[in-house]
Amino acid sequence: MNTVKTGMLLAGLMALFGVVGYFLGGGTGMMIALGLGLATNLFAYWNSDRLALAAHYAVEVDERTAPELVHMVRGLAQRAGLPMPRVYLIDNPQPNAFATGRNPENAAVAATTGLLHMLSPDEVAGVMAHELAHIRNRDTLIMTVSATIAGAIATLAQFGFLFGGRGDERPNPIVMLATALLAPIAAMIIQMAISRSREYDADRMGAEICGQPLALASALARIAGGVAHIPNPDAERRPATASLFIVNPLSGQGVDNLFSTHPATENRIAALQALAQEMGASAQPGFVAQSSSSPWGSVGGSSTGSSGTRRGPWG
């Protein structure tokens, strides 16, 4: 089903490319835009994961550079029946994370340093399990490709507005302005319709993978609070990638409406709390035993390093 939806998305965005090109340059502009759309589709399919990771300056880590995080992801991937994904770290104080890749065999998960600093190990495990659920559901291809193409459409519209046709072939300036404004919005609406419906499924499956719905619920609350107070300049410069993250990195608003890339965090937390009651998970042991040697140090002040200060994400 996701393969079909991906094909429909690519076809829809391809048509949007053609419409934008037609309004900006007539028949010639439409053919050029369709050619660009086809090239973008092919490029996005094979390279969208690299583009998403590069857009946020993600650095790949391994057992040597981030043993605790990698060990956690490996254990969760085994629980989920998935191949071990590549693990990336983003040097950003805002707590957040995302998954990307065209299939489970070519997948990656990325977490910000802010996520590791602000969340407990159990909460981080819940977030990573959520991202692995996206991989297991094969959401990552459609989410990453849509983000890449939506960004390309926004760029195309802006480029056309600045360098549209000439002379008699030049479209009406009002039409050009409307196209430049509405084309990116149309692309984002497509993304929103895709990403919002998937978050609830990923929350539920992620909670089942890590075994602690309440840990994921607590993580969502902490992340939403962090997003509301800590800006993410890289995400602001590339808003098309917002749908990839577990919580919208562009704002802390929790309004469940058409123009939100994610469901309201409060609604997601409520669903996880209901799931916890179903699972009897409120008293389950955590995925990671917390100790003074935890790579995340204390969350709440109970675990500190020998100097009495909070430890960094890698000890």
Side-chain angles (χ1 to χ4, degrees), residues 53 56-59 61 65-73 75-76 87-99 109-134 199 202-203 206-207 209-210 212-236 241-242 244-254 261-266 268-269 272-273 286-305 307-315:
L53 292 165
H56 294 277
Y57 305 100
V59 177
V61 295
T65 53
E68 295 87 356
L69 180 61
V70 171
H71 173 75
M72 174 186 286
V73 173
L76 290 168
V87 181
Y88 285 79
L89 185 65
I90 302 170
D91 187 12
N92 191 306
Q94 184 190 90
N96 230 317
F98 67 85
V109 294
T112 65
T113 52
L115 185 89
L116 302 186
H117 278 294
M118 294 181 64
L119 273 60
S120 73
D122 286 342
E123 291 167 340
V124 173
V127 172
M128 292 295 100
H130 170 99
E131 300 307 333
L132 290 173
H134 278 309
E199 294 304 322
D203 284 344
I209 292 171
C210 72
Q212 281 216 310
L214 295 183
L216 178 54
S218 176
L220 290 175
R222 286 182 182 271
I223 294 170
V227 166
H229 296 93
I230 303 173
N232 186 333
D234 294 328
E236 296 292 345
T241 63
L244 297 177
F245 288 85
I246 188 170
V247 172
N248 184 357
L250 303 180
S251 74
Q253 296 178 353
T261 58
H262 295 69
T265 302
E266 293 85 354
R268 296 170 67 183
I269 291 173
L272 287 166
Q273 290 171 339
F287 179 80
V288 179
Q290 298 186 39
S291 69
S292 61
S293 61
S294 166
W296 294 276
S298 64
V299 177
S302 62
S303 175
T304 56
S307 64
T309 58
R310 180 167 175 164
R311 295 167 62 85
W314 311 129

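For reference, positions follow the sequence shown, starting with 1.
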Quick one: do V247 and H262 satisfy side-chain contact (heavy atoms from CB on, under 4.5 Å)? Show the steps, please. CA-CA 7 Å; V247 172; H262 295 69; 5.5 Å; no
Using side-chain contact (heavy atoms from CB on, under 4.5 Å), reason through Q212 and E123 one step at a time and then give a plain yes or no. CA-CA 9 Å; Q212 281 216 310; E123 291 167 340; over 6 Å; no
Show your reasoning for whether side-chain contact (heavy atoms from CB on, under 4.5 Å) applies to T65 and V59. CA-CA 11 Å; T65 53; V59 177; over 6 Å; no
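The side-chain heavy atoms of V227 and N96, taken from C-beta on, include a pair separated by under 4.5 Å. Q273 has its side chain within reach of L214: a pair of non-hydrogen atoms, C-beta onward, lies under 4.5 Å apart. For the pair L216/D203, a side-chain contact is recorded, criterion being any heavy-atom separation below 4.5 Å from C-beta on. Counting heavy atoms from C-beta outward, T241 and H56 have side chains that approach closer than 4.5 Å. No side-chain heavy atom of I90 sits less than 4.5 Å from a side-chain heavy atom of D234. In this structure the side chain of R222 never reaches within 4.5 angstrom of the side chain of M118, judged on heavy atoms. At least one side-chain heavy atom of V127 sits less than 4.5 Å from a side-chain heavy atom of I223. Taking 4.5 Å as the limit, some side-chain heavy atom of L89 sits within range of a side-chain heavy atom of L116.
Between A207 and P213, the shortest heavy-atom distance links the atoms CB-CA, 3.6 Å. Taking both residues in full, the closest heavy atoms of H229 and P231 are given as O-CD, 3.7 Å, listed atom of the first, atom of the second, then distance. Closest approach of C210 and A125 over heavy atoms only: CB-O, 4.1 Å. Here the shortest heavy-atom pairing between M128 and A97 reads CE-CB, 3.8 Å. Residue A133 comes nearest to G206 through the heavy atom pair CB-N, 3.8 Å, listed as atom of the first residue, atom of the second, then distance. Smallest separation of non-hydrogen atoms from L53 and A110: CD2-CB, 4.1 Å.
When N232, L244, N92 are each tested for a side-chain contact (heavy atoms from CB on, under 4.5 Å) with P249, only one passes: N232.
Put simply, CD on E131 and CZ on F245 are 9.5 Å apart, with the number rounded to the nearest 0.5 Å. Atoms CD1 and NE2, on I209 and H130 in that order, are 10.5 Å from each other to the nearest 0.5 Å.
For the residue pair Q94 and T112, no side-chain donor N or O sits within less than 3.5 Å of a side-chain acceptor on the partner.
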